[in-house]
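These numbers come from a predicted model, not from an experiment.
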Amino acid sequence: MELMARTCKQERMNVERLLARAFVVVGGLVWTVMLFASETAAKYTDFTYTLDEVVSAAGSALLPLSAAVLVFVVGLFYEKLAALILVVAVVGVVVWGVIAGWTVALWIIMGIALIGPMLLAAVLFLLASRMQMICTLEGHPGD
């Protein structure tokens with residue numbers, strides 16, 4: 001049995017794509033809700049917001065939402081580009097953390113909640129892209 005054989009495994013490719021897209025969607029929703037809640041007076045304790053709070057918080061909450069939508073849409077057609085965007089975003093977060101002087105605890109939280117999932121999604125996009133190339137070279141019909 002050849003463990004490293006380059007054979008087309010469409011099921012694996014589809015699971016990789018699905019998981020990568022799921023990480024992008026769930027991460028985008030989580031960070032959108034977190035940023036929205038942090039910009040309101042109630043913070044995370046109460047779900048009663050005034051219209052002024054919603055309008056002011058929606059502006060900043062649109063940033064992670066639009067980034068997630070962008071990566072998701074790009075990932076539908078260009079998996080390598082989506083992976084590149086995610087890696088660049090990870091580098092940006094790390095540089096931001098160094099400049100801001102994050103504590104060890106904050107590095108751990110951001111590593112678990114942001115850096116790790118983005119890197120995992122990037123790797124999954126790259127793996128799916130690689131498998132698509134293998135399937136194409138073997139002459140399997142695209143999905």
Nearest non-hydrogen partners of [X] and [Y], listed with the distance:
X      : Y      : answer
Gly75  : Arg21  : O-NH2, 3.9 Å
Ala20  : Ala121 : CB-O, 3.8 Å
Val98  : Trp107 : N-CZ2, 3.7 Å
Gly28  : Thr32  : O-OG1, 2.6 Å
Ala122 : Val87  : CB-CG2, 3.9 Å

Determine whether [X] and [Y] fall in the same hydrophobic cluster, where Ile, Leu, Val, Met, Phe, Trp and Tyr are linked whenever their side-chain heavy atoms lie under 4.5 Å apart.
X     : Y      : result
Leu84 : Phe23  : no
Tyr78 : Leu127 : no
Val88 : Val94  : yes
Met34 : Leu106 : yes
Leu86 : Val123 : no

Gap separating the [atom1] atom of [X] from the [atom2] atom of [Y], nearest 0.5 angstrom:
X      : Y      : atom1 : atom2 : result
Glu16  : Leu126 : CD    : CG    : 10.0 Å
Ser60  : Leu65  : OG    : CG    : 11.5 Å
Ile109 : Leu114 : CD1   : CG    : 12.0 Å
Thr7   : Arg12  : OG1   : CZ    : 7.5 Å
Met131 : Glu79  : CE    : CD    : 11.5 Å

Exercise for the section: Check which hydrophobic residues are tied to Met133 through side-chain heavy-atom contacts below 4.5 Å, counting indirect links as well, and list them. Expected result: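 Reading the cluster by chain and number, Met133 sits alongside Leu137.
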Handout entry: Remaining members of the apolar cluster that contains Ile108, side-chain heavy atoms under 4.5 Å
Key =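 So far as hydrophobic clustering goes, Ile108 is joined with Val104, Ile112.
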Practice task
Kindly write out the residues that satisfy ring pair (Phe, Tyr, Trp, His ring centres under 6.0 Å) with Trp96, not counting sequence neighbours, or none if the list is empty.
Solution key: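 Testing Trp96 for ring pair (Phe, Tyr, Trp, His ring centres under 6.0 Å), a comparison that skips the adjacent residues, returns Trp102.
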Practice task
Report yes if some heavy atom in the side chain of Gln132 is under 4.5 Å from a heavy atom in the side chain of Gln10; otherwise report no.
Solution key: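 With C-beta onward as the side chain, the pair stays apart.
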Handout entry: Side chains of Leu35 and Trp31 in contact at under 4.5 Å (non-hydrogen atoms)
Key = no
Problem - Leu81/Phe125 under side-chain contact (heavy atoms from CB on, under 4.5 Å): CA gap, chis, key distance, verdict - result: CA-CA 9 Å; Leu81 181 57; Phe125 274 127; over 6 Å; no
